[in-house]
Amino acid sequence: MPLFFRSFTQIPLIAVWLVALAAGYAAESALRVQVEALTHEALGGFQRELRQAGSAWEEGLAGGKPAASAASRLPAVAARLFQPGDGGPEYVLLNSRDIVLRASRQDWVGAPAEGYFGAQFLPLAAKARQEQEVTAELTGNELIGAYPLRGNVLGESHALLVARRDVAPQLSAPVRAHRKTMGYLLGVTLFLSALLVAHALVSVNRRLGRIGDAMARFAEGDPDSRAGLAGGDAIARLGSQFDAMTQRMAPERRNLAESEERLKFALHGSNAGIWDWRMDSGHTYYSPRWKSLLGFAENELLAHAEEWLKRVHPDDLSRVMELLNAHLGGQSDFFESEHRLRRKDGSYLWVLERGTAIRDQGGVYRMVGALTDISRRKEVESALQRSEEEYRSVVEGVTQVIFRSDAQGRLTFLNPAWSELTGYSVESSLSRPIRDFVLADDRRRAGKLFQAVGEGASEIVQGEFRLAGRDGTGRWLSLHARALRDGGGVAGIAGVLTDIDAQKNAQNALTRSNNERKAILDLSPDGYVFIDHELNVAYVNPAFLAMTGFGAADVQGQSLGALELRLGALCDEQKPLPAFAAAANDGETLYLARPEKAVLKWQARTIRDESGVAQGSVMYFRDVTRETEIDRMKSEFLSTAAHELRTPMASIFGFSELLLAREFDPATQRDLIQTIHRQTRNLIDLVNELLDLARIEARGGKSFKIQEQDVTPLVLNAAASLYLPAETHRMEVDLPKDLPLVRVDAEKFRQCLANVLSNALKYSPGGGVIRVSAARRSAKGRDLVGVAVQDQGIGMTPEQMAHIFDRFYRADVSGAIPGTGLGMALVKETMEILGGEVTVNSVPGQGTEVSLWLQAVRPARKAA
């Protein structure tokens with residue numbers, strides 16, 4: 001009955017709710033009728049105004065006014081007839097293509113009307129033109145109307161006057177009133193609905209909530225939780241039954257909660273799986289954690305001890321059974337075993353099983369235990385064992401010496417390689433400083449290395465020294481060591497000693513070989529250029545630099561192509577450098593024009609390793625300028641000497657043959673014999689001069705006896721020995737008295753001067769003065785004394801002077817002037833060996849001056 005009366009009081013609330021709904025529907029219907037009426041009235045008025053505006057414009061056009069003038073009256077007509085809105089009347093005048101001709105906004109002119117009125121405007125415009133009548137419609141809150149104009153408008157037929165008006169202000173008042181009324185009704189309706197529902201649910205929810213809260217507290221472990229509801233309805237009876245049940249279960253629940261809490265904490269802390277084994281039946285309880293460790297769900301596995309025993313790894317089963325039987329027989333207080341159990345997927349899991357037997361008067365009737373996963377610990381132990389074995393195999397197998405020492409430097413660990421390397425046993429070497437085994441000459445250097453690590457000055461050290469073996473010989477070792485720290489201090493040293501004796505010996509041998517090779521290359525008169533495998537210049541020797549005038553920095557490190565360009569720039573333009581890539585094994589010839597004219601013989605060889613791979617190349621340059629010149633001179637000599645020798649020999653042979661074949665009168669016979677004598681004399685002179693040249697070239701000046709002496713007596717003796725015809729020639733000698741001493745071979749210089757004087761006499765057949773003088777000058781840091789011989793003879797052209805020192809060359813091509821053409825060549829060779837030089841000045845028809853320059857001896861400075 002109380003629940004019924006609580007439901008009956010809700011009837012007034014329902015009635016008021018229905019009345020509110022009915023009032024809302026009536027207000028909505030009234031608003032719809034009112035809006036339709038206002039819309040119809042606004043549409044009719046808008047059409048009338050649009051028609052009046054169009055007619056007024058047409059009247060202005062019919063009155064004879066130009067179309068442009070009538071169009072200009074459109075804004076005034078529209079402003080007078082249309083009722084302006086907030087933004088004023090909006091209108092456009094369109095042509096037949098719906099392009100704006102005039103508008104209330106200037107920026108609309110010339111644009112399509114569709115962009116301002118939307119696509120819904122197009123059917124409205126088409127209808128107005130078709131019916132020739134005003135057409136209007138309501139779109140949203142806007143009225144859009146079109147009036148077709150008659151006649152031509154601004155040169156366009158079928159023009160259309162379009163206007164748009166916003167009717168939102170006319171409709172907004174009733175809509176706002178309607179919304180306000182509907183808001184009131186909706187608020188009342190919602191409020192009444194909420195009251196109706198809340199009134200029905202509050203009482204039931206409150207009573208059920210009390211029961212639910214009591215049940216939640218009891219489930220959470222509160223044994224004193226009660227609902228405490230009074231009454232005779234169903235909810236009250238449910239609460240009373242719950243209170244009675246909780247009162248009966250409270251003591252047992254308290255004990256169970258305490259046990260479960262203790263067990264939960266114990267299992268959570270150990271992450272163990274529990275098992276309980278009944279001996280009489282074999283029934284065994286396996287906890288969910290026990291099953292999950294082996295990969296099983298909670299509802300899997302048979303609850304029997306056989307499930308456990310058959311999963312023990314076969315290799316571990318006998319040992320597990322031995323431990324289990326010993327505990328069951330009372331030989332141990334606990335059963336404890338580490339073994340492997342097979343998981344559901346066939347893999348094995350390392351576990352630690354601990355258990356204890358529960359006994360009564362009849363013996364063991366029950367056994368309880370726990371299983372713990374120790375696979376991670378076993379993996380770490382296995383990895384550690386493998387690591388130790390690997391470390392031991394590496395340490396014992398490597399050929400390097402691995403050592404450790406304490407803070408005092410005494411050895412604490414050595415691997416077997418120590419004995420193989422030094423001959424000392426590991427046992428006898430421990431506890432001794434490693435410096436005791438270092439060769440005496442290297443002990444100081446090694447001591448500094450270990451001291452730097454021991455004092456913490458350097459974390460890691462590297463160095464080389466020699467260890468003295470048991471046989472007294474030293475072996476080179478490479479040290480790599482670092483400090484062992486303990487609490488911030490250095491507790492010792494650990495390191496590796498590597499045998500580098502063979503490498504060191506090879507390195508020393510290579511260094512010696514390189515030094516010897518470099519010395520040979522530096523002293524070699526031939527040029528060498530080494531090219532690496534990247535085709536860059538790695539090395540050039542001094543001889544090559546002297547040949548080319550390059551500096552080492554100019555070519556070393558440069559590419560082979562750059563070297564080729566540099567050498568090409570030095571070559572004679574008529575004989576360019578052959579390409580490096582085309583060089584044959586027989587070599588090529590380079591004709592240098594700079595820094596001095598030279599001829600170089602050039603060869604290249606590729607350097608390959610044992611497998612035949614090219615590692616670089618070497619280029620060899622030999623100066624063959626002198627050999628080339630000698631070859632040229634020999635060729636010229638053979639061709640010229642043969643001719644020069646043939647001429648006197650032919651005369652001698654011919655005239656002697658005439659004397660033998662015929663009898664001549666004494667005068668003719670004497671003339672022939674004089675000719676033979678004269679040609680014989682020429683032949684002897686020619687052979688003597690050739691022999692002089694040959695001796696000079698063969699001995700290179702070794703037969704010269706050069707000494708310091710006065711040049712004046714030498715000049716006077718040479719001048720006195722020359723026979724001058726008094727009727728045609730005259731000699732003048734002008735020698736200063738303060739001429740310094742010169743370095744000269746007196747006999748060779750006299751011969752040179754005699755040749756020059758003889759040429760002065762022969763090449764001045766018209767007579768004249770032969771003047772001998774002396775002068776001094778300095779050139780290239782040297783003091784020179786020159787003896788000049790000047791004649792007034794036939795002289796020479798520049799072309800003739802260019803060949804004056806050529807062998808067998810004579811300025812007189814007529815043959816009237818006797819001579820072999822070797823005199824000036826002999827003079828030049830002799831003066832060069834004496835360290836002097838020859839200069840010639842000549843003018844055709846005026847004479848020639850030949851100067852012989854000798855190196856003067858500088859007087860020693862007098863002591864102050």
Side-chain angles (χ1 to χ4, degrees), residues 387-486 489-520 538-539 607 609-611 613 615:
S387 176
E388 291 178 350
E389 292 175 355
E390 292 173 357
Y391 172 75
R392 188 178 301 107
S393 64
V394 169
V395 170
E396 294 180 355
V398 296
T399 58
Q400 297 168 308
V401 175
I402 301 175
F403 71 92
R404 284 197 305 271
S405 64
D406 56 18
Q408 287 72 38
R410 296 185 295 268
L411 291 170
T412 59
F413 172 81
L414 288 169
N415 66 333
W418 171 264
S419 298
E420 299 177 4
L421 193 63
T422 64
Y424 294 102
S425 65
V426 173
E427 294 75 12
S428 64
S429 302
L430 294 177
S431 300
R432 293 178 58 186
I434 194 173
R435 288 190 296 272
D436 291 353
F437 301 95
V438 178
L439 204 65
D441 294 342
D442 298 346
R443 194 165 296 170
R444 182 176 181 183
R445 180 169 64 254
K448 290 182 178 180
L449 294 175
F450 289 109
Q451 183 179 1
V453 181
E455 295 177 352
S458 179
E459 190 70 19
I460 300 176
V461 296
Q462 295 179 350
E464 297 175 356
F465 51 81
R466 287 169 293 177
L467 276 186
R470 193 177 185 88
D471 56 0
T473 60
R475 296 189 66 84
W476 277 101
L477 298 177
S478 172
L479 169 70
H480 186 96
R482 68 181 304 157
L484 300 175
R485 298 191 176 275
D486 182 13
V490 177
I493 301 173
V496 176
L497 294 172
T498 305
D499 184 5
I500 60 170
D501 193 65
Q503 174 185 344
K504 197 72 174 179
N505 293 334
Q507 181 179 351
N508 293 336
L510 179 61
T511 301
R512 289 193 301 270
S513 176
N514 289 337
N515 292 337
E516 293 171 358
R517 188 179 297 110
K518 186 177 185 305
I520 294 173
Y539 170 79
I607 302 173
D609 58 12
E610 295 81 357
S611 58
V613 178
Q615 298 297 314

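Residue indices begin at 1 and follow the sequence shown.
With hydrogens and angles disregarded, no donor-acceptor distance shorter than 3.5 Å links the side chain of Thr498 to the backbone of Gln400.
Arg470 meets the salt bridge (Lys or Arg N to Asp or Glu O under 4.0 Å) test with no other residue; sequence neighbours excluded. For Asp609, the side-chain contact (heavy atoms from CB on, under 4.5 Å) partners two or more places apart in sequence, or in a different chain, are Ser611, Val613, Gln615. For Ala506, there are no side-chain contact (heavy atoms from CB on, under 4.5 Å) partners, not counting sequence neighbours. Contacts of Asp442 classified as salt bridge (Lys or Arg N to Asp or Glu O under 4.0 Å), with partners at least two apart in sequence or in another chain: Arg445, Arg466. Legend: residues meeting side chain to side chain donor-acceptor pair (under 3.5 Å) with Ser425, ordered by chain and number and at least two apart, are Ser428. Under the salt bridge (Lys or Arg N to Asp or Glu O under 4.0 Å) criterion, Glu464 pairs with Lys504, sequence neighbours left out. With sequence neighbours left out, the ring-ring contact (aromatic ring centres under 6.0 Å, His included) criterion links Tyr539 to Phe530. With sequence neighbours excluded, the residues forming a salt bridge (Lys or Arg N to Asp or Glu O under 4.0 Å) with Arg410 are Asp406, listed by chain and number. Evaluation of the side-chain contact (heavy atoms from CB on, under 4.5 Å) rule for Thr422 yields Trp418, Tyr424, Leu467 as partners, not counting sequence neighbours. For Phe465, there are no ring-ring contact (aromatic ring centres under 6.0 Å, His included) partners two or more places apart in sequence or in a different chain.
Counting heavy atoms from C-beta on, the side chains of Leu414 and Ile402 never come closer than 4.5 Å.
Counting only residues at least two apart or in different chains, salt bridge (charged side-chain N to carboxylate O under 4.0 Å, His left out) contacts with residues 415-436 are absent.
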Donor-acceptor pairs are to be reported for all side-chain atoms of residues 476-483 against protein atoms at under 3.5 Å, with residues two or more places apart or in another chain.
residue, atom, partner, partner atom, Å
His480, ND1, Gln462, NE2, 2.9

